Amino acid sequence: QVPVVESGGGLVQAGGSLRLSCVASGRTFSSDIMGWFRQAPGKEREFVGFINGNGDTSSYAGSVRGRFAIDRDNAKNTVYLQMNSLKPEDTAVYYCAVKRRVGSNYFETNYDYWGQGTQVTVSS
């Protein structure tokens, strides 16, 4: 089991920014794919983005591309989700996940360990 802990959520006005953090334990962190997902009320959990182990490759859902960015600090076993130009439709619980298995980085079923999530609420 790999403990995963997200933080940094909160209430922000539309157009504002938040930076989420995720700490994942384990000696293989620098080679782990790290993904961010979110689940809005009444909706299924959806992919937000991922970053590869050394941080030189990332990909994002179309709904957040250009507004959100993922980076990581392997020395701190931490991955970040920088969210800018937030919209009310970004309101959701945001989850960080660790992926070690083979398979698409876009599907939550391919991620091995999950955090408890952090609430982000964007007011209009």
Side-chain angles (χ1 to χ4, degrees):
Q1 193 70 15
V2 174
V4 181
V5 181
E6 305 96 335
S7 62
L11 174 64
V12 63
Q13 288 188 332
S17 298
L18 276 178
R19 184 172 174 84
L20 306 183
S21 299
C22 169
V23 178
S25 300
R27 292 178 293 176
T28 65
F29 181 82
S30 62
S31 60
D32 292 334
I33 299 289
M34 297 298 296
W36 284 97
F37 294 78
R38 67 185 182 185
Q39 186 167 21
K43 296 187 177 181
E44 294 188 351
R45 190 157 56 187
E46 65 176 3
F47 170 80
V48 173
F50 76 84
I51 189 167
N52 72 340
N54 61 19
D56 64 356
T57 299
S58 59
S59 183
Y60 303 91
S63 58
V64 307
R65 191 175 298 125
R67 300 188 298 122
F68 290 13
I70 301 173
D71 64 296
R72 63 192 296 162
D73 183 341
N74 287 341
K76 297 181 179 180
N77 275 38
T78 302
V79 63
Y80 304 96
L81 178 64
Q82 178 67 43
M83 305 185 294
N84 300 323
S85 302
L86 282 160
K87 306 175 181 180
E89 50 264 43
D90 294 318
T91 294
V93 177
Y94 283 72
Y95 297 90
C96 175
V98 178
K99 179 179 176 293
R100 294 177 178 171
R101 68 184 71 181
V102 174
S104 172
N105 297 331
Y106 296 90
F107 300 137
E108 63 173 281
T109 53
N110 290 333
Y111 284 76
D112 300 278
Y113 306 104
W114 292 80
Q116 294 300 306
T118 185
Q119 176 71 47
V120 172
T121 303
V122 184
S123 63
S124 57

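Small disclaimer: the values here were computed from a predicted structure and weren't measured.
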Original post:
How far apart are the closest heavy atoms of Ser104 and Lys99, and which atoms are they?
Top reply: O-CE, 3.4 Å

**OP:** Kindly give the heavy-atom pair with the smallest separation between Gln1 and Pro3, and that separation in Å.
**Re:** O-CD, 3.7 Å

**OP:** For residues Cys96 and Val79, report the shortest heavy-atom separation together with the two atoms involved.
**Re:** SG-CG1, 3.8 Å

Original post:
Is Tyr111 reaching over with its side chain to a backbone N or O of Asn105, donor-acceptor style, under 3.5 angstrom?
Top reply: yes

Original post:
So do the side chains of Trp36 and Met83 get within less than 4.5 Å of each other, counting heavy atoms only?
Top reply: no

**OP:** State, yes or no, whether a side-chain contact exists between Tyr95 and Gln39 at a heavy-atom distance under 4.5 Å.
**Re:** yes

Original post:
Do Phe68 and Leu86 come within less than 4.5 Å of each other through their side chains, counting heavy atoms only?
Top reply: yes

Original post:
Okay, side chain of Tyr60, backbone of Ile70: is any donor-acceptor separation there less than 3.5 Å?
Top reply: yes

**OP:** Might you point out which heavy atoms bring Gly103 and Asn110 nearest each other, and give the distance in Å?
**Re:** C-ND2, 3.6 Å

Original post:
Thr121 and Leu11: side chain to side chain contact (heavy atoms under 4.5 Å, CB included), yes or no, with the steps?
Top reply: CA-CA 5 Å; Thr121 303; Leu11 174 64; 3.7 Å; yes

Subject >> Linked, directly or transitively: Trp114 and Phe29 (ILVMFWY side chains, under 4.5 Å) >> reply: no

**OP:** Spell out, yes or no, whether Leu18 and Val64 are grouped together once hydrophobic residues are joined by side-chain heavy atoms under 4.5 Å, including indirect joins.
**Re:** yes

Subject >> The single option from Asp90, Val120, Leu81, Thr118 passing side chain to side chain contact (heavy atoms under 4.5 Å, CB included) against Arg38 >> reply: Asp90

Original post:
For the side chain of Glu6 and the backbone of Gly117, is there at least one donor-acceptor N/O pair under 3.5 Å apart?
Top reply: yes

Original post:
Closest approach of Ser85 and Ser17, non-hydrogen atoms and distance?
Top reply: N-OG, 4.4 Å

Original post:
Taking only residues two or more places apart in sequence or in another chain, which ones pass ring pair (Phe, Tyr, Trp, His ring centres under 6.0 Å) with Phe47?
Top reply: Phe37, Tyr106

**OP:** Answer with yes or no whether the hydrophobic clustering places Ile51 together with Tyr113; edges join I, L, V, M, F, W, Y residues whose side-chain heavy atoms lie under 4.5 Å apart.
**Re:** yes

**OP:** Indicate, with yes or no, if Val4 and Val93 share a hydrophobic cluster defined by side-chain heavy-atom contacts under 4.5 Å among Ile, Leu, Val, Met, Phe, Trp and Tyr.
**Re:** no

**OP:** Could you check Arg72, Arg100, Arg101, Arg27 and say which one makes a salt bridge (charged side-chain N to carboxylate O under 4.0 Å, His left out) with Asp32?
**Re:** Arg100

Original post:
Would you say Asn74's side chain and Asn54's backbone share a donor-acceptor pair under 3.5 angstrom?
Top reply: no

Subject >> With sequence neighbours excluded, residues passing salt bridge (Lys or Arg N to Asp or Glu O under 4.0 Å) with Glu89 >> reply: none

